[in-house]
Amino acid sequence: MDRLVKQFQGCIILILISIGGNQNICAQEKIQKENGAYNISGLTVECIRDPRFTKIIDSKPEFSWIVPKEIKMQQAYQLLVSSSKELIDKNIGDVWDSKKVTSHKSFNIEIENPLKEDTLYFWKVRIFDENNNVTNYSESQQFQTGNFADKITSHNYFQIEKLNPVSIEKRKAGTLFVDFGKAAFATLELNYKTNKSKRVTIHLGEKLLNGHIDKNPGGTIRYQEVKLEVTPEKEHYQIQLTPDERNTKSVAVALPDSFPVIMPFRYVEIEGINKIKKEDITQVAYFNYFEDNTSSFTCSDTILNQIWNLCKYSIKATTFAGYYVDGDRERIPYEADAYLNQLSHYSVDNEYAIARKTIEYFMDYPTWPTEWQLHVALLFYQDYMYTGNTELIEKYYEQLKHKTLMILEDEEGFISTHSPKLNGEVMASLGFKDTTERVRDIVDWPPAQKDTGWPLPKDWPQGERDGFVFCPINTVINSFYYKNMLIMAEFAHLLNKPDEELDFQLRAAKVKKAINEKLFNKESGNYRDGIGTDHGSVHANMMPLVFDIVPDEYKNTVLDYLKTRGMGCSVYGAQFLMEAVYNAESGDYALELMTATHDRSWYNMIKIGSTITLEAWDMRYKPNSDWNHAWGAAPANIIPRYLWGIQPSSPAFESVFIKPQMGELEFSSIKVPTIRGEIQGEYKKLNNKQTHYSIVLPANTVGEFIIDSTLNKKITLNGEPVNLLFETIRLVSGVNNIEIYTNKDE
C-alpha cells in the first residue's frame, strides 16, 4: 500500500510541476522509463559545448542538442531554462518553459525573452520521437551571461593540456634532449631538486639540425634560450619566455592576461641537469576548446593517413589565440587564412565560436588584398551552411554588401581595382580606418622572385602565382565576385528582400557570361589571367572550376590544362586547386596531388620535421615562413568534403549530399562532425567489380548518395535494388549499406 501511495504522490507532483505543458504525465513517465536508454547529448549554448567556463554575450542565446541515434526523427521538443540548479532538477523552467513545440529542429532554438546580464542559468531539454513518445530530460547544463555588447558571438574557452615527453635522452654530461612528439603553443614546467644553487640553460625549438635543436632555424621558425636559476629552496619551476616583438604589436591579437608568454616548440635541450623523469618535465600547451574524438579518418594509403593527422592537429594547435591568426609571426587574422582555417576546423570538430568571432573581427579590421575582402562572404556562407544560424547574416548584411566590392562593377559586369570608383569612401565602407589605403590584387602569395628580392629557387621562376599576369580585369577576382553575388542572392532571399535577391542574381549571371566570353581562350582551351594577356595561370583556371563558372563543354580542356601545371600554387592556392580538380571529377589526379612526396607537397612538411603545417611548401619557396600556419592544412577539409564528398546540401545538415571520389584507395573510414551529430562512412573495394559503402547519418538528417551511372550495372541499398535513372540514392537517418557492382570490361 505504501508503494502505491508513493507512486500516486509522484504522479501528482509531476502534474503540478508541468502545468500547461503535458497531458497524461503518468503514461509519459512510463514511456520515459522504456526510453530511458535514449541519451540526449551535445547540448550547446551559442554553439559552445561547455559554456561553464565562458560568458554568453548574446541576450537571446540559441540552444542546440543532438537527437539520440535511436530516434530517426524528432517530432517535438520541450526546453526549460531555470534560474537555479534546484529548479532545473525539479523540471521547473521559471525563466522559460517552451512547452511542447512541434518541430524537427534541434539547433538554434532562441529563447523568447532577453536574459539578464551577469547571471547564472541552467537549461535542459526533452524530445518526442516519431511516434510521439517522450524521452527523459537531458542532463542540465549551466551557463553564465556576461555583458551584452555590440558583438553577438561569445568566446569559447581555452583549455590547458599538461603534456609529458615521448622521450628523454642523455646526450653528454649534464645535457638532456627532450622530445614532446609534437609542437604546441606552450611554456615549460620543471620539477627539480638540487643541493646547491646553479644556473641551468634551456633551449626550446621547433626544428632540428643534425639531431640537435636548430638555434638558427631561419624564417620565423621559433627558437629561444632561457637561463633558469635553480635553488635548494625550490622544486617547481615555470620558465619565463621572452615575448617576441613581431607578434606582440598593437595590431596583433592579444592573449588573455592569465596566459604566460607562450611559443611553439617541440624540442627542449637542458644544460646543467644530468637526469630528469618524464613526469617532472611538462609542456604546458594552450588550445581553444577542442574535442579530438569528434572526427577520424583512415585509409589504405599510409601517406594520406599521415597527412590527415598532420592537418587535423594543425587546426587544434593553432586555436591558441581564440581567433584564426596567421601563425606565430604576426598573430593577425587574415580573411583568406581564416576561410581555409574555418573549412578545416568545421570538418574536424563541431566548434564554431572561433570562426564566428573572427568573422566579426573582420568587419572592423580588414586587410589589404582585394581577394581577401571577397573571402568574407564565403566565411559567412560556410558558417550558415554548417550551423544554420542566421544572426551574423542579419546583423552584417548591409556591411557585407560592401565587402563584395560590387561598387566597382563596370558595364560588362566585371569588377576592377583600377576603377575610378575605388576611393576613400569605399575604403571606409570596408572598415579601413586609414581611407588613403587601397585594396590591391594578390592572387596568391608569395609573389615571384622579381617582386620580393628573396633568394627564391631558380628552378621555380614563376613563383607561387604561376607567372600570373596582372591586368585591370582579371579572372581570379571576378570568379570570386561571381560567387559573392550568388551568396548575397541567397542571403537576400533569407532576409525576404526579393528585389535585392533578383539584382544579385542578375549581377552573377552578367559576370559569369562576361568571364566565359572575354576571358576564355577558345584556341588554347583555358582561361586567360585577364583581359590583355593570353597567359593562363593555374589560378585563372582553377577558380572558374571551383565556383562552377566553366560550361560543361570547356571542363575537360580546362582540367587538362591544370594537369600540366602540377602544384603550381602556394599552400593557400592548393585549397582551391584541390576543389577544382574534384569538381572536374578527377579524383585519381586529386589523390595523386594530395599524396605527392616532392618538395611541393604536404608530405614534405612531415619529411622536414614539422608537426604543424607550414606557411609554404618549403622554406626555399618563402624564406620568412613559419612552421605553424593553419592555412596549409587544406586536406583536413578536402578529405571529408571532396574525397568522401560529404557536404551539407541544406543549412545545418538537414540534408547532406555524399559524392565519394576515392581514386585508387582500397578502403577508407571516416567520421565527420556536424551540428546534428556524427556522419560515419566505411568504404571497401571488395574486388575490381564490387564496391561497398556504409553510411551512417545522424537523426533528423537525410541524404543523397551521388553515383556515376556510366559504370554502374547494379546497385543495392540495404539489399534492395536501386533505380539507376535518378543517379542518386536516397539516404535516411541510421545505417545505409550500399553495394555497387560494375562491369569495367565493357
Side-chain angles (χ1 to χ4, degrees), residues 44-64 107-111 113-121 143-158 250-259 288-289 319-326 331-335 337-339 341-342 345-346 351-367 372-373 375-384 386-403 428-433 491 494-495 675:
T44 69
V45 183
E46 292 287 286
C47 292
I48 294 174
R49 288 169 289 185
D50 194 344
R52 292 175 298 165
F53 307 109
T54 188
K55 297 288 182 72
I56 301 300
I57 64 170
D58 186 351
S59 64
K60 296 180 70 176
E62 288 83 30
F63 302 93
S64 303
F107 57 91
N108 295 327
I109 308 299
E110 186 177 77
I111 196 167
N113 298 312
L115 299 176
K116 298 176 182 177
E117 290 187 331
D118 299 312
T119 304
L120 184 65
Y121 293 98
F143 65 97
Q144 173 91 28
T145 57
N147 296 319
F148 301 144
D150 59 337
K151 303 299 182 186
I152 57 176
T153 304
S154 304
H155 272 294
N156 207 336
Y157 67 92
F158 295 92
S250 60
V251 292
V253 169
L255 300 183
D257 292 339
S258 60
F259 278 31
N288 213 254
Y289 187 77
T319 60
F320 70 97
Y323 292 86
Y324 294 147
V325 295
D326 69 323
R331 296 187 185 174
I332 295 174
Y334 287 94
E335 293 87 346
D337 300 55
Y339 177 62
N341 207 327
Q342 175 197 38
H345 202 169
Y346 285 11
E351 156 60 40
Y352 311 109
I354 295 180
R356 294 168 66 80
K357 291 295 291 186
T358 307
I359 288 170
E360 291 203 86
Y361 179 94
F362 289 135
M363 308 318 285
D364 295 325
Y365 302 101
T367 62
W372 276 209
Q373 295 306 297
H375 279 73
V376 177
L378 276 61
L379 283 156
F380 274 80
Y381 185 72
Q382 291 299 332
D383 182 71
Y384 168 59
Y386 274 76
T387 70
N389 191 289
T390 60
E391 280 188 322
L392 290 174
I393 299 168
E394 293 164 6
K395 180 176 177 61
Y396 294 108
Y397 175 79
E398 292 299 328
Q399 195 172 348
L400 186 57
K401 285 195 284 189
H402 298 302
K403 298 282 187 180
S429 73
L430 295 174
F432 285 88
K433 307 300 185 290
F491 288 173
L494 280 174
L495 301 180
I675 199 168

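Counting heavy atoms from C-beta on, the side chains of I152 and E394 never come closer than 4.5 Å. Residues M363 and K403 have side chains in contact (heavy-atom distance under 4.5 Å, counting atoms from C-beta outward). The side-chain heavy atoms of D383 and Y346, taken from C-beta on, include a pair separated by under 4.5 Å. Side chains of K60 and E391 form no contact here, defined as non-hydrogen atoms less than 4.5 Å apart. Contact annotation: the side chain of Y365 never approaches that of P333 to less than 4.5 Å [non-hydrogen atoms, C-beta and beyond]. The shortest side-chain heavy-atom distance between T390 and F491 does not fall under the 4.5 Å cut-off. Looking at heavy atoms from C-beta onward, D337 lies out of side-chain contact with Y324 at the 4.5 angstrom threshold. Y121 has its side chain out of reach of V45: every pair of non-hydrogen atoms, C-beta onward, lies at least 4.5 Å apart.
Rounding to the nearest 0.5 angstrom, the gap separating the CZ atom in F362 from the CZ atom in F380 is 10.5 Å. In this structure, OG1 on T54 lies 5.0 Å from CD1 on I48, to the nearest 0.5 angstrom. Taking CG of L379 as the reference point, atom OG1 of T358 lies at 8.0 Å (rounded to 0.5 Å). Atom CD of E335 and atom CD1 of I359 lie 11.0 Å apart (nearest 0.5 Å). In this structure, CD1 in I56 is found 10.0 Å from CG in L115, a value given to the nearest 0.5 Å. Atom CG of residue L392 and atom OG1 of residue T153 lie 4.5 Å apart, to the nearest 0.5 angstrom.
For Y381 and H375, the ring centers sit 6.0 Å or farther from each other.
Distance alone, capped at 3.5 Å, is enough to place a donor-acceptor pair between the N108 side chain and the T387 backbone. Remark: the backbone N or O of E62 is paired with a side-chain donor or acceptor of E46 at under 3.5 angstrom. The backbone N or O of I57 lies less than 3.5 Å from a partner atom in the side chain of S154, making a donor-acceptor pair. With T145 contributing its side chain and D118 its backbone, the two residues share a donor-acceptor pair below 3.5 Å. Side chain of K395 to main chain of K151: no donor-acceptor pair is present (N/O by atom type, distance under 3.5 Å, no hydrogens or angles).
Shown here for P366 and G431, the closest heavy-atom pair between the two residues is CD-O, 3.5 Å. R49 and T44 get closest at one heavy-atom pair: CG-CG2, 3.7 Å. Closest of all the heavy-atom pairs between I675 and C47 is CD1-SG, 4.4 Å. Of all heavy-atom pairs spanning S64 and F107, the tightest one is OG-CA, 3.2 Å.
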Passes side chain to side chain contact (heavy atoms under 4.5 Å, CB included), Y386 versus Q342? Steps please. CA-CA 11 Å; Y386 274 76; Q342 175 197 38; over 6 Å; no
Report the C-alpha distance between F320 and F259 in whole Å, list the side-chain angles of each, state the deciding distance to 0.1 Å, and finish with yes or no for ring pair (Phe, Tyr, Trp, His ring centres under 6.0 Å). CA-CA 10 Å; F320 70 97; F259 278 31; 8.5 Å; no
One pair to check against side chain to side chain contact (heavy atoms under 4.5 Å, CB included): N389 and Y352. What are the steps and the verdict? CA-CA 11 Å; N389 191 289; Y352 311 109; over 6 Å; no
H155 vs Y323, side chain to side chain contact (heavy atoms under 4.5 Å, CB included): CA-CA, chis, key distance, verdict: CA-CA 9 Å; H155 272 294; Y323 292 86; 3.7 Å; yes
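In this structure L120 satisfies the side chain to side chain contact (heavy atoms under 4.5 Å, CB included) test together with F122, Q142, Q144, sequence neighbours excluded. Applying the ring pair (Phe, Tyr, Trp, His ring centres under 6.0 Å) criterion to F63, with sequence neighbours excluded, gives W123, F143. Evaluation of the ring pair (Phe, Tyr, Trp, His ring centres under 6.0 Å) rule for Y289 yields Y157 as partners, not counting sequence neighbours.
A salt bridge does not link K357 to E360: none of the charged nitrogens lies less than 4.0 Å from a carboxylate oxygen.
For the 3.5 Å distance criterion, the side chains of E351 and N156 qualify, holding a donor opposite an acceptor.
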